[in-house]
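All remarks here apply to the structure that follows.
This chain uses plain numbering: 1 for the first residue, then up along the sequence. What you see is a predicted model; the values in this text were computed from it and never measured.
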Amino acid sequence: MLRRQDLIVGKFYVNYGRRIAREVLRTGRKTVTFNTYHLDTRNSCGTPSECLVQDFVRWADSEASPRELAVLQQPDMDV
């Protein structure tokens with residue numbers, strides 16, 4: 001299970017059921033700001049979003065694997 005202290009700016013976290021990855025942009029005491037990407041299409045969901053840290057930790061299944069990162073960071077990815 002992901003913990004609050006596991007959230008690191010610049011890292012990606014995934015929700016396997018929804019096939020979504022989130023890149024952490026900023027963390028605060030109570031909130032986290034992130035970009036969201038679809039794992040299947042690599043498309044961005046638009047502008048950054050924000051939620052409570054506890055909700056983000058509950059949402060995330062794990063940190064993105066090296067394979068998932070490679071897919072997300074391919075050059076033709078929409079940013």
Side-chain angles (χ1 to χ4, degrees):
M1 178 174 181
L2 195 65
R3 300 169 300 174
R4 175 190 172 90
Q5 59 266 30
D6 295 332
L7 291 183
I8 299 170
V9 172
K11 297 274 186 173
F12 287 79
Y13 300 87
V14 294
N15 180 294
Y16 296 111
R18 294 182 180 173
R19 300 288 302 149
I20 291 175
R22 290 178 173 171
E23 175 189 18
V24 174
L25 303 175
R26 279 188 302 277
T27 59
R29 286 177 27 116
K30 294 185 178 186
T31 61
V32 59
T33 305
F34 54 89
N35 282 327
T36 302
Y37 301 90
H38 294 281
L39 287 172
D40 296 328
T41 63
R42 299 185 322 246
N43 289 333
S44 169
C45 292
T47 60
S49 301
E50 185 175 272
C51 71
L52 294 173
V53 170
Q54 64 189 15
D55 291 338
F56 189 99
V57 169
R58 225 178 290 131
W59 171 89
D61 291 321
S62 69
E63 185 177 333
S65 70
R67 182 172 185 249
E68 290 160 336
L69 282 175
V71 167
L72 287 169
Q73 294 175 340
Q74 288 179 3
D76 62 337
M77 185 175 89
D78 292 342
V79 225

inquiry  = Do Ser62 and Leu2 make a side-chain contact, defined as non-hydrogen atoms from C-beta onward lying under 4.5 Å apart?
reply    = no
key: Exceeds 12 heavy-atom contacts within 6.0 angstrom, atom CZ of Arg18   = no
request  = Tell me whether Leu52 is reachable from Trp59 by hopping between hydrophobic residues (I, L, V, M, F, W, Y) whose side-chain heavy atoms are closer than 4.5 Å.
outcome  = no
note = When rounded to the nearest 0.5 Å, the distance separating CZ of Arg4 from NZ of Lys30 is 10.0 Å
same_hphob_cluster(Leu25, Val53) at 4.5 Å side-chain heavy-atom cutoff = no
query = Which pair of non-hydrogen atoms, one from Gly17 and one from Asp61, has the smallest distance, and what is that distance?
reply = N-OD2, 4.1 Å
request  = Find out if a path of hydrophobic residues (ILVMFWY) with successive side-chain heavy-atom gaps under 4.5 Å connects Leu72 to Tyr16.
outcome  = yes
request  = State, with a plain yes or no, whether a side-chain heavy atom of Phe56 is found less than 4.5 Å away from one of Thr27.
outcome  = no
key: Verify same cluster id: Phe34, Val9 (apolar side-chain graph, 4.5 Å)   = yes
ask   = If Ile, Leu, Val, Met, Phe, Trp and Tyr residues are connected whenever their side-chain heavy atoms lie under 4.5 Å apart, and connections chain through other members, are Tyr37 and Leu39 in the same group?
value = yes
message = Quick one: does any side-chain atom of Arg19 pair with a main-chain N or O of Thr41 as donor and acceptor, under 3.5 Å?
response = no
key: Nearest atoms (heavy-atom pairs only) where His38 meets Cys45   = NE2-SG, 3.3 Å
note = To the nearest 0.5 Å, atom CG of Asn15 lies from atom CZ of Arg22 at 7.5 Å
Taking every non-hydrogen atom, the tightest pair across Thr33 and Pro48 = CG2-CB, 4.0 Å
request  = Write down the atom of Val24, the atom of Ile8, and the distance for their closest heavy-atom approach.
outcome  = CB-O, 3.6 Å
inquiry  = Between Tyr13 (side chain only) and Val57 (backbone N and O only), is there a donor and an acceptor less than 3.5 Å apart?
reply    = no
ask   = Roughly how far, to the nearest 0.5 Å, is the CG atom of Leu7 from the CD atom of Glu63?
value = 9.5 Å
Spacing of CG belonging to Asn43 relative to OG1 belonging to Thr36, to within rounding of 0.5 Å = 12.5 Å
